[in-house]
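Written out below as structure tokens is the structure these notes cover.
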Amino acid sequence: MSAAPTEDKPHEAHSLSGSATISRATESGTDPDNALDTIDDSDMDHLTPYQRKARLITLEMDKMGMGRYQWYIWSLCGLGYFLDLLWAQAFGLIASPLQRELGFSDAQLANVFTAFSSGLTAGAFVWGVLVDIIGRKWAFNGTVFITCAFGLCLGAPNTYNAILVLTAFSGFGIGGNIPIDTTICLEFLPQNRRFLLALLSIFQPLGVVVCSGIAYGFVPKYSCATDLPACGSVADGVPCCTKASNYGWRYLMFTLGGISFAVFILRFVVFTFQESPQYLLAKGKDAEALEVLHYIAKFNKRPCKLNSESFEALSASSSPQLSSPDSGPTPGLAAPPKLSPSQLFGIEFKRVSTLFATATLARLTVLVWIIYAFDYWGFSVAGSFLPTILSRKNAAIKISLSETYRDYVIIYLPGIVGVALGASMIYVPRIGRKWAMVVSSALMGVSLFLFAAVNNHASNVGLNAMEYFFQSMFNAVLYGWTPEAFPAPVRGTASGIASFWGRLFSIFSPLIAGHLLETNINGPLYLAGAGTFVCTIAILFLPSSSLSPKPSV
């Protein structure tokens, strides 16, 4: 499947990209298998030496095609997405039995979600920046290691405060997954397989469905009766919800920790991940970038003719203006050795300032921040409180706890179709990324408002399924598009900071929703719906040039 551009305009915001390459393979003496012979000189004239090499790497990746290495990378990055919502869903599903056992209020319940979101926020920012400093390889494995280490401990504590601490540290590991995994996938996938970047999000509803299925097996069977009070709130001898009778949520936590550990083993032990050639180029490690490229070619059993002479040929044809030492460092290139911490910070700050290098790029950056902030605002409230609200609404119409947990599985299954639809719609003429995001975010908001207005079994299941379907569709397009919209040297940082703003807003929204839930069961639904409509408006103002597929430089 080929990624066809949705618009014909040049990409104003993507200042490091050139126009489409023009093949010269038909000219005398050229080699159609050599990436250097597919570059038009006029296409490269305005690029810096780093950008020329990055373009050459991208073209060589395109010539290799979608090999075994790329499929492994895509699958392992998908497991990062899988863990993201596997854990995010878990806290909503254990909220009611946890609350019955420990006896805390709805406002205190919000603190559990806020602790998780605080960890996600710190993780998104720290890992999003680190991935451009320490490299993709260590960040790729580090996030999952932290997730499994603290996740395995989450079923052990008996106190509210211990739950909050372990939840926050688990969130810190999980928070880096999406910005890191999208960056890595973008830099290894050939350009005609970019739709797979959006399709990564299909692992998220899979994570939700798996979590809901495991919860359905454990929580109803191993939970105390719903009418029992917490033991800490009654006198000795009065029947209450004891730890021994409420192990279902703990079994769920131990199982999810085990799944996370298995993913870490796959990433760190079973598969040998190579550092991204784009990252190595950005750090001035040209020879290492070529070594990685040849390793991938050998792994895929494909030819690779790119070598140091290819880079030298590019340098020899560089414009003097671009090659001049007076032109200043290219953002993302390695800093000179023996610099002080303040100088290193200055270089990194200058690299981040690339996000505001032009008016169009600054507009894109700010609007992406707004979209992420209110997208996370909406779906964090929905993901945290919809299971609790559904449980209480179902209890009011005499639906059993077992049926409610079965409903969770039914509700989240359509999300898989939503991701697939979002990944395919971005290449449909006259729809593309923009309208796919506009329609899906608007309908997500509508479903939340409708759920607030009704209460019967069919509508409860149907409207929750509708909400998750369009949430999955929207995020599939958003996550796949974001790293592609920004220049390669700051791609991880751009994705990480955008995710940081989203995670930051997801800290505040559950606190507000928790207080609303104490007074009105539908309050969190209106809060989440309003946030998604803000996303819809912000998308309408995105620069049109940022919404077309771009070369990976």
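What you are looking at is a predicted structure, and each value in this text was computed from that prediction instead of being measured.
Remark: aromatic rings of Phe125 and Phe500 are close, center separation under 6.0 Å. Between Trp369 and Phe505, the gap from one ring centroid to the other reaches at least 6.0 Å. Two rings, from Phe264 and Phe145, have their centers less than 6.0 Å apart.
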Full working for ring-ring contact (aromatic ring centres under 6.0 Å, His included) between Phe533 and Phe449: CA-CA 11 Å; Phe533 281 125; Phe449 286 130; 5.7 Å; yes
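Side-chain atoms of Gln89 and Tyr412 include a donor-acceptor pair closer than 3.5 Å. Side-chain atoms of Ser260 and Thr147 form no donor-acceptor pair, as typed in the model, at a separation below 3.5 Å. Side-chain contact check for Gln99 and Asp106: at least one donor-acceptor pair (N or O, by modelled atom type) lies under 3.5 Å.
Scanning all heavy atoms of the two residues, the minimum distance from Leu79 to Val263 falls at CB-CG1, 4.0 Å.
With a 4.5 Å cut-off on side-chain heavy atoms, Thr532 and Phe470 do not count as touching. Side chains of Phe172 and Trp127 form a contact here, defined as non-hydrogen atoms less than 4.5 Å apart. Looking at heavy atoms from C-beta onward, Leu364 lies in side-chain contact with Phe486 at the 4.5 angstrom threshold. A 4.5 Å side-chain heavy-atom check between Tyr81 and Leu206 finds every atom pair outside the cut-off. Counting heavy atoms from C-beta on, the side chains of Cys240 and Leu228 never come closer than 4.5 Å. With a 4.5 Å cut-off on side-chain heavy atoms, Leu154 and Leu256 do not count as touching. Residues Thr536 and Met444 are not in side-chain contact: their nearest non-hydrogen atoms beyond the backbone lie 4.5 Å or more apart. Side-chain contact check for Ser223 versus Trp249: every heavy-atom pair is 4.5 Å or farther apart.
Between the side chain of Tyr405 and the backbone N or O of Leu93, at least one donor-acceptor pair lies under 3.5 Å. For the pair Trp377 (side chain) and Leu527 (backbone), a donor-acceptor distance under 3.5 Å is present.
Listed by first and then second residue, the side-chain hydrogen bond (donor to acceptor under 3.5 Å, both in side chains) pairs that reach into residues 162-184 are Thr143-Asn177, Asp181-Arg267, sequence neighbours excluded.
Not counting sequence neighbours, the partners of Ser117 by the side chain to side chain donor-acceptor pair (under 3.5 Å) test are Ser506.
With Cys231, the cysteine Cys241 has an SG gap of 2.5 Å or longer.
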